[in-house]
Amino acid sequence: MTQHLWSGRFDSAPDPAAFDFGVSFPFDRRLFEDDVTGSLAWADALARAGVLDAADAGAIAGGLRAILEQGRSDPAWVSGDDEDVHSFVERQLVARIGDAGRRLHTGRSRNEQVSVDLRLYLRRRIPLLQQKLRAAVAAFADQAERAGDALMPSYTHMRRAMPVLVSHFLLSHAAALRRDHARLEHAREEADALPLGSGAIAGTGYPVDTAALATALGFSRVVLNSMDASSDRDFAVSFLHAVSLCMVHLSRIAEDFILMTGEEFSFFELADSSATGSSMMPQKKNPDPLELVRGKAGRAIGHLTGFLVTMKGLPTGYNKDLQEDKEPLFDAEDTLAVSLDATAAVVGKLTLHPERTGGAASGLLLATDVADYLVARGLPFRQAHEVVGALVRRLLAEGRDFEALSVAEWRESSDLFGDDVKAKVTAAASVRARTTPQSTHPDAVGAALAETRTWLAQGSAV
Ligand code: ARG
């Protein structure tokens, strides 16, 4: 009968249907490298504790290194009908070095092994996602720089609100992505604790130096409690959450540019390479990549919710349910990676139509500036709001906007209006009138762009 890591206790081989159902190797093979890394450190810790003699420890280390090398040079080799990646590595080790290989699992359980593997995996993979996030932030920064002093309307309730610099809008998306970068960093920090030494649940009886083992594997601390460690996947949930929220941001970016590159807005032009045609309608230029990014957000959120439901109500200690952590986690990672690449590529190749955005930024959305003009001349804001409201009503009825008003007409609504009103009520003056550091004032946006560049150059420490 096929030997499993646990066959000793059983009279008969497992039912193939039940065994196949429990197999995780087809997907946890992705943890191969981490499994070997963890085992190398564990063997070393056993040797230091005097549990393994030098000869066995040397043979195990040599065997594991050879396995690592083979798996790296030939990823397809990491396969077989093993139950999971841990069984595969152990089988390969015993095949190479014989009995010494059977000593590796002393004092260790797969329950902690799978946890250490997943933590090591996230620690090495999260930085790759962060690198892609930085590329997306850089694409926004480059576009912001190119946009110069171009103006556009901003929207609240999807209705024109106030003029802003196009660069301010672009950097608004960079700001959200920077929070995602920090959130991924927190998930990485949460994964940064060594579970080895927890045994199956109660701890291990072998005198392993867990602090030294943590250091050897690059962990900054050891978990607090072996029982908690065997069923803790909070770090995986935090990762799924960070990914989901980043996907939510990417879906909003996608939505903005789907709208703004469409005929109704035409604020930006989508590069041909970022679009697809229609099989039937020759005129179509569809923003497929952006739509897919928007759609894939649902998938990432589904993984987060799904795994939270798996976690809910589990009794203390390892439960096989936890094997359900890997597929959502890997798929969330892949989804975010491709979505970030697609977003950076599309955003990087957008062409701005400044005459369209600038044209849309003037007109009645300067009403707040008109009210502010009156406030500057002493009128209480509520009254100013009313005066301008009435003026807007009149202009709407006449199909005109502020620019068309003569000074005499301005004065009809309030004698506080002076000759300077025409110069003060423009989109360019409007953005200059915002003065806070987070505002759309050209100096503030210039500083924000410089600060974004510094963040990118510093490897995004924050
Ligand atoms: N494949 C398992 C998982 O992903 C590894 C841990 C197995 N532990 C056990 N007691 N069966 O969770």
Side-chain angles (χ1 to χ4, degrees), residues 2-10 13-39 41-42 67 71 78-93 102 104-123 125 191 193-205 217 223 225-240 303 306-334:
T2 321
Q3 278 292 307
H4 300 294
L5 295 180
W6 36 263
S7 293
R9 186 227 176 278
F10 293 89
D15 184 326
F19 178 75
D20 292 350
F21 181 57
V23 160
S24 57
F25 194 31
F27 50 88
D28 70 13
R29 56 190 295 282
R30 200 145 152 168
L31 300 174
F32 166 74
E33 175 165 344
D34 310 287
D35 197 68
V36 179
T37 305
S39 289
W42 181 248
I67 289 169
V78 184
S79 62
D81 48 15
D82 304 84
E83 183 182 347
D84 52 28
V85 67
H86 326 294
S87 314
F88 169 81
V89 172
E90 206 171 313
R91 175 168 68 80
Q92 293 294 341
L93 185 64
R102 297 194 169 89
L104 168 63
H105 210 54
T106 313
R108 184 178 71 164
S109 158
R110 277 186 297 162
N111 299 351
E112 51 182 343
Q113 205 180 339
V114 69
S115 167
V116 82
D117 288 6
L118 209 51
R119 289 166 184 270
L120 288 170
Y121 179 83
L122 284 176
R123 274 186 28 208
R125 302 289 293 196
L194 175 84
L196 293 179
S198 299
I201 181 160
T204 190
L217 283 171
V223 296
N225 180 298
S226 65
M227 295 183 81
D228 173 50
S230 76
S231 54
D232 172 22
R233 293 292 182 277
D234 293 3
F235 59 93
V237 173
S238 296
F239 174 73
L240 289 170
H303 288 323
F307 186 56
L308 276 171
V309 177
T310 298
M311 295 272 280
K312 179 202 162 295
L314 285 185
T316 298
Y318 175 82
N319 297 276
K320 185 79 168 181
D321 314 45
L322 292 172
Q323 182 165 290
E324 289 293 305
D325 58 1
K326 283 170 274 297
E327 287 164 292
L329 190 142
F330 296 150
D331 189 67
E333 179 199 358
D334 293 346

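All residue numbers in this chain count up from 1 along the given sequence. Keep in mind that the numbers below use all heavy atoms, side chains included, and drop hydrogens, waters and symmetry copies. Note that ligands are numbered from 1 as they come in the structure, with each ligand's atoms numbered from 1 the same way.
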If you measure from the Lys or Arg side-chain nitrogens to the Asp or Glu carboxylate oxygens, is any gap between D232 and R119 under 4.0 Å?
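Yes.
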Taking the basic N atoms (NZ, or NE/NH1/NH2) and the acidic carboxylate oxygens, is any pair closer than 4.0 Å for D334 and R30?
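A salt bridge links D334 with R30.
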Check whether the ring centres of F330 and F27 lie less than 6.0 Å apart, and answer yes or no.
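Distance test on ring centres: not under 6.0 Å, no.
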Subset of ligand 1 atoms that lie under 4.0 Å from at least one heavy atom of D84:
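Listed by number with element, the hits are 1 (N), 5 (C).
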Looking at S24, which atoms of ligand 1 are within less than 4.0 Å of one of its heavy atoms?
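Counting from 1, the qualifying ligand atoms are 1 (N).
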Side chains of E83 and W6, donor plus acceptor under 3.5 Å:
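Side chains of E83 and W6: pair found under 3.5 Å.
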Between S87 and D84, a side-chain donor and acceptor under 3.5 Å:
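Indeed, the side chains of S87 and D84 share at least one donor-acceptor pair under 3.5 Å.
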Compute the shortest N/O to N/O distance between [X] and ligand 1 and return yes if it is under 3.5 Å, no if not.
X    : result
N111 : yes
Q323 : yes
K326 : yes
D325 : no

Start with the C-alpha gap between D81 and F25, add the side-chain angles, then the distance that decides, and say whether side-chain contact (heavy atoms from CB on, under 4.5 Å) holds.
CA-CA 8 Å; D81 48 15; F25 194 31; over 6 Å; no
Could you see which bit of H86 sits under 4.0 Å from ligand 1, with heavy atoms only: side chain, backbone, both or neither?
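It is the side chain that gets close, since no backbone atom is under 4.0 Å.
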Verify the neighbour count for atom NZ of K320: are there more than 12 heavy atoms of other residues, nucleotides or ligands below 6.0 Å?
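Yes, the 6.0 Å shell around NZ holds more than 12 heavy atoms from other groups.
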Atom 6 (C) of ligand 1: the protein heavy-atom neighbour that sits closest, reported with distance to 0.1 Å:
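Result: Y318 OH, 3.5 Å.
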Take every heavy atom of E83, measure it against each atom of ligand 1, and state whether any distance is under 4.0 Å.
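In this structure, E83 fails to qualify as a contact of ligand 1 - no heavy atom is under 4.0 Å.
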